[in-house]
Amino acid sequence: MGVTIFGRVNQSPKLFSPQHQRLRAILTHELSHAHIQGWIGEYAYLYLPNWFKEGLAVMLSGGGGAELVSEEEARIAIQRGEKIVIDDAGS
């Protein structure tokens with residue numbers, strides 16, 4: 001729904017009509033990425049672990065980017081052994 005590249009936030013047009021209720025959370029999520037990039041610089045940002053960058057953005061946005069899954073649903077998925085494999089080698 002959104003992406004931040006070189007401090008520039010880009011969002012899907014879907015956030016302005018059919019999914020407008022997600023706009024605030026997704027915008028906050030992406031702005032947190034832009035803020036960190038501006039604060040520590042692009043080069044240093046590339047070397048932060050993806051779990052940290054995404055975890056911080058989700059936390060600061062009140063679940064933005066992960067708002068379609070409740071904590072209970074996430075807990076059940078974890079108990080079933082489901083997981084996300086994050087490749088820290090790429091961007």
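Atom set for the values below is all heavy atoms of this structure, side chains included, hydrogens, waters and symmetry mates excluded.
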What pairs with Glu73 under side chain to side chain contact (heavy atoms under 4.5 Å, CB included), at least two apart in sequence or on another chain?
Val69, Ser70

Aromatic ring pairing His33/His29, orientation class (parallel under 30°, perpendicular over 60°, tilted between)
perpendicular

Answer with yes or no whether the hydrophobic clustering places Val58 together with Ile26; edges join I, L, V, M, F, W, Y residues whose side-chain heavy atoms lie under 4.5 Å apart.
no

For Gln79, side-chain hydrogen bond (donor to acceptor under 3.5 Å, both in side chains) partners two or more places apart
none

Output for pair (Leu31 CG, Leu60 CG), nearest 0.5 Å, gives 11.0 Å

Less than 4.5 Å apart, side chain to side chain, heavy atoms only: is that true for Ile40 and Leu48?
yes

For Ala34, the side chain to side chain contact (heavy atoms under 4.5 Å, CB included) test, sequence neighbours excluded, returns Thr4, Val9

Does Lys53 use its side chain to pair, donor to acceptor, with the backbone of Tyr45 at less than 3.5 Å?
yes

Is it possible for you to say whether Ile78 and Met59 belong to one hydrophobic cluster, with membership spreading through side-chain heavy-atom contacts below 4.5 Å?
no

Reported OG-to-CZ distance for the pair Ser61 and Arg24, which is rounded to 0.5 angstrom:
11.5 Å

